[in-house]
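Here is the structure we will look at, set down as structure tokens.
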Amino acid sequence: MLATVAVGDDPASHADVANKHRACAEVGIDSAHRALGEGASQEEVAECVSSLNDDQSISGVLIQLPLPGHLDRQKLMDLVDPDKDVDGLTTVNMGRLCRGSAGLVPCAPKAVLALLDHHKIEVEGKRAVVVGRSELVGRPIATLLSQRDATVTLCHSRTRELSRETRSADLLIVAAGKPGLIGRKHVREGGIVIDVGTHRADSGLVGFVDLERIRWRAGAVAPVPGGVAPLTVAALLDNTLLAAQAIETTGARSPVSS
Ligand code: NAP
């Protein structure tokens, strides 16, 4: 069973949580939700997470982000039992990821790998450029690609001449910025572009890649909407299943650990 914890009234977060529960229902995974008020204290959220850790019927615990500013996000994340950490964001699972040992991998990075695998895109020896270095998205993607023997450049807001870096990419992963950040001059002819960015515009969900401008230049594009986001939900379901199977088969809550 997947348990989600949300704090506050952010409509986008509520929609996101509802989407995750709908996806669980579609594949037959039970799910539960704990909604805490905007003013919930660090201790109240911590207590909620601890009770879910202790509940033997629950195999996955996810704290919906973003959290209200008065809460210490990483402290709360680190209270999640690493073997139930289906978002892969505890320090323990981040460490496992960096070491290349088995663990629950964050969902968006896992989705990017799934996309590459599905399309049989080999990254070994290729030049990969990742735009965005957050702990949730960009950095783990860069680490995973490096473990697959790509030569990886990690760009961020202080990168000089972003287009010079991105134009060198056989594989360009865009996980930062704003809509339209990546245009024709940023893409190498025949390069593969994966847009992980999501922005809710008046016209609906958009990514950070200007699809119209790069369409004829890139070799292949994973666009927004579509592309990575639905696979991110699938990655969450997969992590929940992995965690549950590990508890069932080993008795220990350690799928994943080595
Ligand atoms: P974040 O924590 O705000 O990090 C943004 C990163 O982008 C930072 O590293 C920042 O650099 C960098 N950055 C900002 N502006 C830039 C620019 N103009 N050029 C180059 N780098 C720039 O965001 P996040 O949590 O990583 O999320 C990134 C995007 O992915 C968001 O749109 C989010 O909605 C989306 N997302 C999508 C999925 C999905 O399933 N598709 C899942 C999760 C997140 P500094 O480090 O220097 O500040």
Side-chain angles (χ1 to χ4, degrees), residues 4 6 10-20 22-23 62-67 69 71-74 77 85-90 93-94 97 104-116 118 128-145 152-169 172-183 185-187 193-201 203-211 214 221-240:
T4 54
D10 177 37
S13 280
H14 280 291
D16 205 21
V17 167
N19 191 27
K20 288 166 184 167
R22 210 168 20 247
L62 178 150
I63 302 177
Q64 180 66 27
L65 299 176
L67 288 169
L71 297 173
D72 184 331
R73 184 184 84 184
Q74 196 55 49
M77 286 292 178
D85 168 29
V86 287
D87 240 353
L89 297 178
T90 55
N93 278 320
M94 287 290 175
L97 185 136
L104 292 165
V105 173
C107 297
K110 184 167 170 151
V112 169
L113 291 191
L115 197 64
L116 293 171
H118 180 78
V129 175
V130 181
V131 183
R133 60 175 167 183
S134 75
E135 286 180 12
L136 279 67
V137 190
R139 206 177 292 257
I141 290 174
T143 302
L144 291 164
L145 291 174
V152 182
T153 301
L154 186 54
C155 297
H156 46 79
S157 65
R158 310 289 169 86
T159 297
R160 289 185 194 152
E161 287 194 63
L162 182 66
S163 62
R164 193 188 57 196
E165 301 297 338
T166 57
R167 244 194 340 263
S168 72
L172 174 59
I173 317 275
V174 183
K178 56 183 194 283
L181 175 74
I182 300 298
K185 72 169 182 178
H186 295 88
V187 175
V193 181
I194 298 182
D195 191 355
V196 187
T198 50
H199 174 77
R200 279 172 219 280
S203 55
L205 203 62
V206 294
F208 298 159
V209 173
D210 188 338
L211 200 55
I214 68 142
V221 185
V224 178
V228 175
L231 286 174
T232 302
V233 179
L236 171 66
L237 300 178
D238 190 52
N239 277 349
T240 306

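Every number for a ligand or one of its atoms is a count from 1 in the order of the listing.
The closest protein non-hydrogen atom to atom 20 (C) of ligand 1 is His156 O, 3.2 Å. When hydrogens are left out, the protein atom nearest atom 15 (N) of ligand 1 is Gly177 CA, 3.8 Å; that is the closest non-hydrogen contact. Shortest contact from atom 44 (C) of ligand 1 to any protein heavy atom: Val137 CG2, 3.8 Å. Atom 24 (P) of ligand 1 has as its closest protein heavy atom Ser134 OG, 3.6 Å. Of the protein's non-hydrogen atoms, the one nearest atom 39 (C) of ligand 1 is Thr232 OG1, 3.7 Å. The nearest heavy-atom contact from the protein to atom 47 (O) of ligand 1 is Ser157 OG, 2.5 Å. Protein heavy atom nearest atom 8 (C) of ligand 1, with residue, atom name and distance: Arg133 N, 4.0 Å. The protein heavy-atom contact nearest to atom 18 (N) of ligand 1 is Leu181 CD1, 3.8 Å.
The proximity of Thr198 to ligand 1, defined as any non-hydrogen pair under 4.0 Å, involves the side chain as well as the backbone. Under 4.0 Å from ligand 1, not a single heavy atom of Leu231 appears. Proximity of Thr159 to ligand 1, defined as any heavy-atom pair under 4.0 Å, is not found for any part of the residue.
At a 4.0 Å cut-off, not a single heavy atom of Cys155 sits close enough to ligand 1 to count as contact.
For Val187 against Leu172, the heavy-atom pair with the smallest separation is CG2-CD2, 4.3 Å. Among all heavy-atom pairs drawn from Phe208 and His199, the shortest one is CE2-CB, 4.0 Å. The shortest heavy-atom contact between Pro179 and Val206 is CG-CG2, 3.9 Å. In terms of heavy atoms, Ala176 sits closest to Leu181 at O-CD2, 3.5 Å. Taking each heavy atom of Asn239 and Val86 in turn, the nearest pair found is ND2-O, 2.9 Å. Contact between Cys107 and Ala235 at its shortest, heavy atoms only, is O-CB, 3.5 Å.
Side chains of Asp195 and Leu211 form no contact here, defined as non-hydrogen atoms less than 4.5 Å apart. A 4.5 Å side-chain heavy-atom check between Leu205 and Val224 finds at least one atom pair inside the cut-off.
In the vicinity of Ala108, heavy-atom distances shorter than 4.0 Å reach the ligand 1 atoms 42 (C). Close contacts of ligand 1 with Gly132, meaning ligand atoms under 4.0 Å from a residue heavy atom, involve 6 (C), 7 (O), 9 (O). In the vicinity of Phe208, heavy-atom distances shorter than 4.0 Å reach the ligand 1 atoms 32 (O). Atoms of ligand 1 lying under 4.0 Å from at least one heavy atom of Val131, given by number and element, are 20 (C), 21 (N).
Note: an N/O pair closer than 3.5 Å links Val196 and ligand 1 by distance alone.
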Applying side chain to side chain contact (heavy atoms under 4.5 Å, CB included) to Met77 and Leu65, what does each step give before you reach the verdict? CA-CA 10 Å; Met77 286 292 178; Leu65 299 176; 3.4 Å; yes
Between His118 and Leu115, is the side chain to side chain contact (heavy atoms under 4.5 Å, CB included) condition met? List the steps. CA-CA 5 Å; His118 180 78; Leu115 197 64; 5.8 Å; no
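Nearest-heavy-atom check against atom 29 (C) of ligand 1 across Ala175, Ala229, Pro106 picks out Ala175. Nearest-residue assignment for atom 5 (C) of ligand 1 (options Ala176, Ala235, Pro109, Ala12; heavy-atom criterion): Ala176.
Arg167 places a side-chain N or O within donor-acceptor distance of the main-chain N or O of Lys185, the cut-off being under 3.5 Å.
At a distance under 4.0 Å, no protein heavy atom can be found next to atom 3 (O) of ligand 1.
The number of heavy-atom neighbours closer than 6.0 Å to CD of Gln74, taken from other residues, nucleotides and ligands shown, is above 12.
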